[in-house]
Number of protein chains: 2
Amino acid sequence: MSETINRPGRRIARPATVTLKHVAERAGVSPITVSRVINTPDAVSEALREKVGRAVEELGYLPNRVAGALASAESRVVPVIVPSLSNAVFIEVIQGVQEVLEVAGYQLLLGNTQYDLQREQDLAATLLGWSPAGVIIAGLRHTDRTRAMLQAWRRPVVEIMEHGTRAIDMNVGLSHYKAGDAMGEHLVSRGYREIGFIGGRLKADYRALHRYKGLERSLARHGLRRRPPFTHESKSSPQLGGDAFMRALDASPDLDAIFFANDDLAVGAILRAQREGIAVPKRVAIAGFNGFGIGELVQPSLTTIVSPRQQIGQIAANKLIARMQGRESGAASVDVGFTLRVGEST
Amino acid sequence: MSETINRPGRRIARPATVTLKHVAERAGVSPITVSRVINTPDAVSEALREKVGRAVEELGYLPNRVAGALASAESRVVPVIVPSLSNAVFIEVIQGVQEVLEVAGYQLLLGNTQYDLQREQDLAATLLGWSPAGVIIAGLRHTDRTRAMLQAWRRPVVEIMEHGTRAIDMNVGLSHYKAGDAMGEHLVSRGYREIGFIGGRLKADYRALHRYKGLERSLARHGLRRRPPFTHESKSSPQLGGDAFMRALDASPDLDAIFFANDDLAVGAILRAQREGIAVPKRVAIAGFNGFGIGELVQPSLTTIVSPRQQIGQIAANKLIARMQGRESGAASVDVGFTLRVGEST
DNA sequence: CTGAAAGCGCTTACAG
DNA sequence: CTGAAAGCGCTTACAG
């Protein structure tokens, strides 16, 4: 299956690939025509479609997307750059993006920054080298170079997860600050007065920090005590949530409610409380953020803020595709909002 | 930022991109040299590296990976084709793959077949068009054309999740049949005699079916009653697990143990049992498959089979990279095995 | 509806 | 350690 080609100044052994040219020869048409049959079948006669289709079949031709991308200066690939894959939130967003991209014939190129903005910058540089049709990237916060790079790039960019002004191009997300504030209001309205916050890596996960800040604002509004967050450095998990919960109660026995940075932690706390015989919400109330299904099943069920995760991915992908296809994509910035889901835990 | 180029038979408006040539001019060297500095910096003098590096900086040059891939007939991209993104198992596998690929400088191209082998075939055809360096694909079962396509392809392929003979190339996984058998043996040894199985979409998710078959074999060995599986058509979730659990007990009150196709379902059943006041394992034992962390936190803790998911991804990626770099990758086929984790639920 | 020519931005395989 | 020439497999922008 391998042939050696000899030409002046060149001698290479490449696997004998079936190319557009071979298909064209077989079908007795020009390569251009084959290209058309493949890319814009509607602009071509039925007879041609059939003739070329047969040649494609017989030769087992696989279009070389790389060559196509180089010639057209655009590939049907969309990088999705997220800070983490261990957080189910991003998985659901990716799912939403993937669903929509697939239907439109685009491929998803996965980038994981691990909450590191420098890594994000390197990743963005590499991924832009693929001439993608557009980019979806988590967050509004980037290095100056990343921003400059994406801004200078002349293709659609959607920043997701948080909603704000000053987006590079398009933006789909919600206000984490308002979400934290809303949870604060809920807890206060339920009569809780000694309210704490548990969350990890708040420097990197600044959206979680915004939720904390929102909570703080709400507490300040009611003249309640604002405590520093109980933090940790490992990635969130139910196990960690349970441990952090016990530590926090130990350190601050006066706490009567805890807002967790996410549902993973909060669900872990509820399960741990159950095991330890700590009454929730009687001894201490527990609240989360995300709205994962499991929160409705644990006992007591979890009060949490539901973010429309999959929807964020879908909207972002749809806006991207609209713009890539030259259609209008609606408002540049979309606030998808959030919902407070009150469970038994508060 | 856009220039119009006029040449015989051609007139296009393309954004003015900085290319290798521009960098070469700026640095006063040839494009080949720039290419070397970028791709094999060790094979180049310190002075050159600096000179070229400066030009790259000044011009904000981003290497065009598409052109590179076309010229070298290989891209530093690896498609990972999985049947689902809503199943955490595949997420963890993807995480493992991603970690390893990133370090080696490869990008992950995500493919989701939605448990549809025809879609898998189309996806594989498209993704091979990207001249990837290798392919990771879930399962040993594919359409004949997919198999033929991957077999004819002259680059490394790793089939993951299940272990078996007759792999296309390399294989990393475990025997789901043996896992089901092992769980059967465990349940029988605990004294359970009326053992059921709950799992969905067993035709598509044939690995879950293998676990059921393994259970059946174990039951047959002990002369115990083999029941048809309780199935459903929606995707697995704790919510669904709880519902299916109630339905199964309703339909077959004599059940004294249930093996769930996965931990999502089993955890849901445990939480539901708790709400309904059904004693686990006294009234009915519950077992799962996966080994997710949450299973250790629910009450009673879940007996399950732990599959090394992240490890599967890592091993697969490492084998791929070894082969792509021309190194030996060890055995073509790796059985990663599984562990029975006995909790309080059996 | 169909085709000839040129070019996309790199890398390869030599020679020096 | 460095460079000139050719080519990777497509698509674009015309003309017919």
Side-chain angles (χ1 to χ4, degrees), chain A residues 3-25 27-49 51-52 59 61-76 128-131, chain B residues 3-25 27-52 56 59 61-76 128-131:
Chain A
E3 57 183 282
T4 302
I5 306 161
N6 272 290
R7 290 222 187 68
R10 180 169 180 84
R11 195 181 81 214
I12 52 158
R14 274 216 196 206
T17 326
V18 178
T19 71
L20 205 60
K21 213 162 100 184
H22 299 123
V23 175
E25 280 163 12
V29 296
S30 79
I32 306 171
T33 302
V34 177
S35 172
R36 268 199 209 95
V37 172
I38 289 168
N39 296 314
T40 51
D42 296 334
V44 124
S45 74
E46 174 61 35
L48 246 182
R49 237 175 309 172
K51 192 161 59 170
V52 171
L59 297 173
Y61 171 63
L62 296 178
N64 185 327
R65 315 269 161 189
V66 175
L70 180 59
S72 68
E74 174 163 323
S75 68
R76 291 179 83 77
L128 289 191
W130 282 103
S131 303
Chain B
E3 58 181 286
T4 303
I5 305 163
N6 271 292
R7 291 223 187 66
R10 181 170 182 83
R11 194 182 80 214
I12 53 162
R14 272 212 198 209
T17 326
V18 178
T19 70
L20 205 60
K21 214 161 100 184
H22 299 123
V23 176
E25 278 161 15
V29 298
S30 77
I32 307 171
T33 302
V34 177
S35 172
R36 268 198 207 96
V37 172
I38 288 168
N39 296 314
T40 50
D42 295 335
V44 123
S45 74
E46 174 60 35
L48 247 180
R49 236 175 308 173
E50 197 161 304
K51 192 163 58 173
V52 172
V56 167
L59 297 172
Y61 170 63
L62 295 178
N64 184 325
R65 314 271 161 190
V66 175
L70 180 59
S72 68
E74 175 164 322
S75 69
R76 290 178 82 77
L128 289 191
W130 282 103
S131 304

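In the text below, chain A, chain B and the rest are named by the order of the sequence lines, each starting its count at 1.
- Between Val34(B) and the choices Leu48(B), Val29(B), Val44(B), Asn39(B), the side chain to side chain contact (heavy atoms under 4.5 Å, CB included) rule is met once, by Val29(B).
- Lys21(B) has its NZ atom 11 Å from the P atom of dC10(C), to the nearest Å.
- Remark: DNA chain D takes part in the stems C:1-3 with D:14-16, C:5-12 with D:5-12, C:14-16 with D:1-3, each of 3 or more antiparallel Watson-Crick or G-U pairs, criterion distances under 3.5 Å.
- For the pair Thr19(A) (side chain) and Lys21(A) (backbone), a donor-acceptor distance under 3.5 Å is present.
- Ser30(A) approaches Ala24(A) most closely through the heavy-atom pair C-CB, 3.7 Å.
- Closest contact between the side chain of Leu48(B) and the listed nucleotides dC1(D), dG3(C), dT2(C) involves dC1(D).
- Closest approach to the Ser72(B) side chain among dT12(C), dG9(D), dG7(D) is made by dT12(C) (side chain taken as heavy atoms from C-beta onward).
- For Ser45(B), the listed nucleotide lying nearest its side chain is dT2(D); candidates were dT12(C), dT11(D), dT2(D).
- Nucleotide dG9(C) holds its P atom 11 Å from the CG atom of Leu20(B), rounded to whole Å.
- The heavy-atom pair separating Arg76(A) from Trp130(B) by the smallest distance is N-CZ2, 4.3 Å.
- In this structure, Asp42(A) places its CG atom 14 Å from C1' of dC1(C), rounding to the nearest Å.
- Leu62(B) has its CG atom 10 Å from the P atom of dC10(C), to the nearest Å.
- When side chains are defined from C-beta on, Ile38(A) counts as touching Leu20(A), because their heavy atoms get closer than 4.5 Å.
- Atoms CD (Glu46(A)) and C1' (dC1(C)) sit 14 Å apart, rounded to a whole Å.
- Each of Ala67(B) and Val44(B) lies near DNA chain D, and the nucleotide nearest Val44(B) is the one positioned closer to the 5' end.
- An OP1 or OP2 oxygen of dG3(C) is reached within less than 4.0 angstrom by a side-chain nitrogen or oxygen of Ser30(A).
- dC10(D) atom C1' lies 13 Å from atom NE2 of His22(A), rounded to whole Å.
- dA4(C) atom P lies 7 Å from atom CD1 of Ile32(A), rounded to whole Å.
- Between Glu74(A) and Ser131(A), every side-chain heavy-atom pair lies at or beyond the 4.5 Å cut-off.
- For the pair Leu128(B) CG and dC10(D) C1', the computed distance is 17 Å after rounding to whole Å.
- Place Val29(A) and Asn64(B) on DNA chain C by their nearest nucleotides, and Val29(A) ends up nearer the 5' end.
- In this structure, Thr33(A) does not reach the dT2(C) phosphate: none of its side-chain N or O atoms is under 4.0 Å from OP1 or OP2.
- Put simply, the side chain of Arg36(B) and the base of dG3(D) share a donor and an acceptor less than 3.5 Å apart.
- With sequence neighbours excluded, the residues that form a side chain to side chain contact (heavy atoms under 4.5 Å, CB included) with Leu128(B) are Leu62(A), Pro132(B), Val135(B), Met149(B), Leu150(B), Trp153(B).
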